[in-house]
Protein chains: 2
Amino acid sequence: MPRTKPLRKDAQRNRDLLIKAARELYAARGLDVSLDEIARTAGVSSGTLYNHFPDRTDLIDAVFADRAATVVRIAENALAMEPWEGLVHFLERVCEQQAADRGYNDLVSRRVPQAPPTDEHLRGYELMQQIVKRARESGTLRDDVTLEDLAFVTWGTARTVEATAGIRPQAWRRHLALMLDGFRTPAPHPLPEPPLRPEELVNAMRECS
Amino acid sequence: MPRTKPLRKDAQRNRDLLIKAARELYAARGLDVSLDEIARTAGVSSGTLYNHFPDRTDLIDAVFADRAATVVRIAENALAMEPWEGLVHFLERVCEQQAADRGYNDLVSRRVPQAPPTDEHLRGYELMQQIVKRARESGTLRDDVTLEDLAFVTWGTARTVEATAGIRPQAWRRHLALMLDGFRTPAPHPLPEPPLRPEELVNAMRECS
DNA sequence: GAATAAGTTGACTGTGGTCTCAACTTGTTC
DNA sequence: GAACAAGTTGAGACCACAGTCAACTTATTC
């Protein structure tokens with residue numbers, strides 16, 4: 001834990017304004033908003049933005065810092081439910097987050113050099129493992145599906161949300177439902193390719209465009 | 001049909017060089033390659049590029065002009081097969097095209113202001129309708145799935161290909177297989193959202209980021 | 001209420017992209 | 001092979017963005 005001395009009052013205020021502006025612009029238009037525009041929207045100069053967030057990713061990290069905790073909370077709720085309902089609940093809630101925030105949608109599916117995973121991330125990872133394991137052992141989730149396969153849901157939802165956000169904001173629910181029926185089919189056909197290994201998934205998530 | 005007078009010999013050669021360079025760069029790096037770089041790769045000046053292709057989309061249209069015919073050919077082959085096998089064949093071949101060419105992957109899934117549909121496009125559309133109808137009537141494809149739902153496959157594959165191209169180039173096949181099992185499950189669950197209407201899909205395909 | 005550290009500013013540099021155009025070169029025509 | 005049309009060239013205008021910094025302003029400390 002880097003012990004940082006408290007910010008000066010005006011500095012803290014500007015920092016908050018920047019995060020607020022970034023959060024709103026990211027949500028509306030995705031992560032490609034220019035840093036100058038964020039500064040302008042926040043009502044501070046671009047120098048101040050760079051002073052607080054030297055790197056583009058520092059700002060993104062700050063804006064989405066709480067999201068890992070949200071995922072953990074969703075996962076905990078899911079684990080309090082029946083195995084299959086829990087999995088569905090988890091995926092629906094996470095996809096809702098994607099659908100509600102274009103920046104988050106970019107973050108979970110696209111490049112964006114990530115900060116190193118926090119304890120919260122690791123905890124989320126463990127809970128997700130449990131969600132998948134439970135669903136599989138309950139006999140509902142087909143047993144050749146792994147945690148890594150959930151990335152297909154994230155990626156698929158990401159693109160569907162992008163394409164349909166302005167036209168049929170709920171279209172992703174249909175996409176998700178179709179995928180879920182693939183996950184729990186009573187008549188699974190052999191999958192043509194082994195699942196991604198955990199480190200492959202990490203790399204895929206980091207991968208740049 | 002706009003009757004255009006034939007190009008001068010050197011002009012035709014430069015045009016071909018430009019299309020060739022664009023095709024290669026697009027395939028390798030997607031549609032965001034800069035026009036100057038394409039001109040440089042082709043060995044002509046940027047002025048010449050703009051002379052031949054005033055608009056960015058003119059070049060994209062020229063590069064991918066033959067793809068609609070390819071889709072028609074794939075669809076025709078698919079219709080010569082058993083209904084379900086035909087559908088699978090069609091989707092696999094189209095996704096292979098996406099996986100093999102980042103530019104095409106961008107084209108089918110992302111924005112990119114499109115040229116008005118050609119006769120070839122309309123024919124492809126009709127054949128796809130038949131493929132879906134046959135598969136549904138054969139009892140294999142669940143009967144609440146429409147042609148428009150195939151867009152979920154395109155979109156999902158697009159993102160999965162982007163994310164995994166450098167890591168596990170065949171990962172999309174697993175994603176596709178899972179979706180296909182959702183399409184033919186013997187135990188379909190009601191879908192939470194009506195299918196996209198044809199004009200909604202057109203708009204979604206046109207939609208910009 | 002000085003003195004000082006902390007923070008802000010905005011003009012500026014640099015980069016990389018789109019697109020234009022006047023001067024030039026080349027192919028074609030007769 | 002002249003003359004004209006067709007096509008090419010590349011420097012440069014223009015823009016949007018990232019990122020820097022010396023001069024300035026403000027909060028805090030004693």
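Letters A, B, ... mirror the listed sequences (proteins, then strands); counts begin at 1.
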*Below 4.5 Å, heavy atoms only, C-beta onward: do B/Pro169 and B/Thr164 meet side chain to side chain?*
no
*Ionic contact status for A/Glu37 with A/Arg40, cut-off 4.0 Å*: no
Please tabulate, one pair per line, each protein N/O and nucleotide N/O from nucleotides 13-15 of chain C that are separated by under 3.5 Å, including the distance.
none

*Taking only side-chain nitrogens and oxygens of B/His52, does any of them come within less than 4.0 Å of OP1 or OP2 of D/dG7?*
no
*Check every atom of D/dT8, C/dT28, D/dG19 against the side chain of B/Ser45 and return the nucleotide holding the closest atom.*
D/dT8
_Distance-only polar pair, side chains of B/Asp101 and B/Gln97, donor-acceptor under 3.5 Å_ = no
*Where each residue is assigned the nucleotide of DNA chain D containing its nearest heavy atom, which of B/Ala11 and A/Pro54 is assigned the position nearer the 5′ end?*
B/Ala11
*Answer yes when B/Glu193 and A/Arg168 have at least one side-chain N-carboxylate O distance shorter than 4.0 Å, and no when they do not.*
yes
*Report the nucleotide, chosen from D/dG7, D/dA18, C/dT8, that has the shortest atom-to-atom distance to any side-chain atom of B/Leu7.*
D/dG7
*When the distance from CG of B/Leu18 to C1' of D/dT8 is rounded to whole Å, what number comes out?*
11 Å
*Rounding to a whole Å, what distance do you find between B/Leu49:CG and C/dG17:C1'?*
13 Å
*Taking only the side-chain nitrogens and oxygens of A/Asn51, find out if one of them lies under 4.0 Å from OP1 or OP2 of C/dG7.*
no
*At under 4.0 Å between heavy atoms, what does A/Asp10 touch on the DNA or RNA strands: base, sugar-phosphate, or nothing?*
sugar-phosphate
*Can you find a side-chain donor-acceptor pair between A/Glu148 and A/Thr146 that sits under 3.5 Å?*
yes
_A/Asp144: salt bridge (Lys or Arg N to Asp or Glu O under 4.0 Å) partners, not counting sequence neighbours_ = A/Arg142
*Have a look at B/Thr48 and say if it touches a base, only the backbone sugar-phosphate, or nothing, with a 4.0 Å heavy-atom cut-off.*
base
*Would you say A/Arg173 and A/Glu96 make side-chain contact, with heavy atoms under 4.5 Å?*
yes
*Report yes if at least one side-chain N or O of A/Asn14 is closer than 4.0 Å to OP1 or OP2 of C/dT8; otherwise report no.*
yes
_If you only use heavy atoms from C-beta on, which nucleotide in C/dT18, C/dT20, D/dG19 is closest to the side chain of A/Ser46?_
D/dG19
*Any donor-acceptor N/O pair under 3.5 Å between D/dA27 base and A/Arg8 side chain*: no
